[in-house]
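For reference, the structure discussed in these notes is given below.
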Number of protein chains: 2
Amino acid sequence: MAQADRAPDATLRRFSGYGMKRAFNMVQSDLNAALKPFGLRMITFSALVVIRDAPGLRQARLAEVLQMEKPNLVALLDELERAGLITRTRLAEDRRAHALDVTGAGITLCARALAAVDAHESRMTEGLTPEERAALIRALRVIETNGGET
Amino acid sequence: MAQADRAPDATLRRFSGYGMKRAFNMVQSDLNAALKPFGLRMITFSALVVIRDAPGLRQARLAEVLQMEKPNLVALLDELERAGLITRTRLAEDRRAHALDVTGAGITLCARALAAVDAHESRMTEGLTPEERAALIRALRVIETNGGET
DNA sequence: CCGAAACCGATATGCTTCATAACGATTTCA
DNA sequence: TGAAATCGTTATGAAGCATATCGGTTTCGG
C-alpha cells in the first residue's frame, strides 16, 4: 500500500488556513467574474455596499472597516466616483474630511450586484445545508477574532 | 433605534467569502510570524512539506499541487536550495526534468516548523470544538470543489 | 489666544505576489 | 527524421499592499 494513493498535500490539508486559501482563491475568481458585468471588482463592490449602508461615511472610517490603508482607498474611490456610483462631499463641520455617499445609479447597481453575489454565494456553498453554512461563517468569525487579539 | 448599532459591514458578513478573506488575513500574518524564526514563509513551508511527503517530485507537478505557475516556483525553490533544505537533481530517464528532494537539514527543519504551525493552528481555532474545526475544513473543501467545477 | 500636535485625504514610492510570453534543451510521436 | 509537446528558466508587466510624506484643517494645552 505505502503512500501511493495519498494526496501530495495531505499534511497541509489538516490545517484550516490551507483550506481557506484554496477555497478563497476559487471564491475570488468566481466572484470577480460575477461582478465583471457590473464593472465592479470584489473590493469596489465591498466599498460600495458599505457606503450604501452607512451614508456620509468618511474615508478614514471606510479604510478601517475594510481593513485597508487609506492611500489605497483613493484610487478605488476615484474609480467609483468616475463611474458615477458615489460622491465625495466636503464636510461643513470638518473641512478636512469627505463624506461618501452612493448616487441613485449607485444604489440601483448595488442592488443588482448584490443579487449576483447572492447567486454566487449559493453556487459556492452548494452541497452545504443552511446550518453548515451558518456554522462556517461563525467559525471564520472566531478565527478572525482570535487573530485580532495578538 | 434605526441602524445605529448595526455593523457597517453587516451586509457583507452574510457572505462566506467575506469572512474567509478576513479570517485568512489573520491566519496569514500569524502564520508568517510563526514561520519567520525558521526562515520560512507560508509558501516555502508548503512547498517544503509537499516535497518531503513526495520525494523525487518534479517541479511541474509541484506547481500543480500548490496551484501556482511554474515560473513563480523557480525563485522559491532557489531560496529553499540556497538554504540547504532541498536539492534539485537532474533525472536520468528524462534529462529535462529535475527531481526535488528534502535534505537531512530540511527534514529536521520541516518537523520543527510543522510543530510551530500546529501551535499556530491551535491558537487560531481556539474556541472551536474539534468537531467544529473538522466541519470548517470540510465546508472549505466543498467550496473549493464547487469552484473548481466551473 | 497662540502654537504644537493630531487628523484628513492625497501623492509618491517601493515591495511582494502573481500571470503571461518566450527561450533552449530534451523527449515524444507521426 | 522532422514536428509537436514538455521541462525548467528568464524576462516582463500588472495588481495588491505598506510606508513616508505632504498641504490643509482642526484640536488642545500653556
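Source: prediction; values computed, not measured. Worth knowing before you read on, the calculation uses all heavy atoms, side chains too, and leaves out hydrogens, waters and symmetry mates.
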Side-chain donor-acceptor pairs under 3.5 Å in residues 36-46 of chain A, sequence neighbours left out?
| unit_1 | atom_1 | unit_2 | atom_2 | d |
| --- | --- | --- | --- | --- |
| A:R41 | NH2 | A:E79 | OE1 | 2.7 |
| A:R41 | NH2 | A:E79 | OE2 | 3.4 |
| A:T44 | OG1 | A:R41 | N | 2.7 |
| A:T44 | OG1 | A:R41 | O | 3.0 |
| A:S46 | OG | A:M42 | O | 3.1 |

With a cut-off of 3.5 Å and sequence neighbours excluded, list every side-chain donor-acceptor pair involving residues 60-75 of chain A.
| unit_1 | atom_1 | unit_2 | atom_2 | d |
| --- | --- | --- | --- | --- |
| A:R61 | NH1 | A:E64 | OE1 | 3.0 |
| A:Q67 | OE1 | B:R22 | NH1 | 3.4 |

Protein-to-nucleotide contact annotation, 5' to 3' order, nucleotides 10-19 of chain C [B base; S sugar-phosphate only; - none; under 4.0 Å, heavy atom]: BBB----SBB
In B/S/- notation, 5' to 3', how is nucleotides 23-30 of chain C contacted by protein heavy atoms closer than 4.0 Å? --BBS---
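Note that the first and last nucleotides of DNA chain D, 5' to 3', having any atom under 4.0 angstrom from a heavy atom of chain B are D:dA5 to D:dC17.
Every residue meeting the side chain to side chain contact (heavy atoms under 4.5 Å, CB included) condition with A:T87, not counting sequence neighbours, appears here in chain and number order: A:T89, A:D101, A:T103. Annotation: side chain to side chain donor-acceptor pair (under 3.5 Å) contacts of A:R14 (sequence neighbours excluded): B:D118. Residues passing the side chain to side chain donor-acceptor pair (under 3.5 Å) test with B:Q28, sequence neighbours excluded: none. Residues forming a side chain to side chain contact (heavy atoms under 4.5 Å, CB included) with B:S122 (at least two apart in sequence, or on another chain): none. Considering only residues two or more places apart in sequence or on other chains, A:S29 meets the side chain to side chain contact (heavy atoms under 4.5 Å, CB included) condition with none of them. By the side chain to side chain contact (heavy atoms under 4.5 Å, CB included) test, A:E126 pairs with B:N146, sequence neighbours left out. Not a single side chain to side chain donor-acceptor pair (under 3.5 Å) links A:E93 to another residue, sequence neighbours left out.
Between A:R13 and B:E121, no side-chain nitrogen of the basic residue sits less than 4.0 Å from a carboxylate oxygen of the acidic one, so the salt-bridge criterion is not met.
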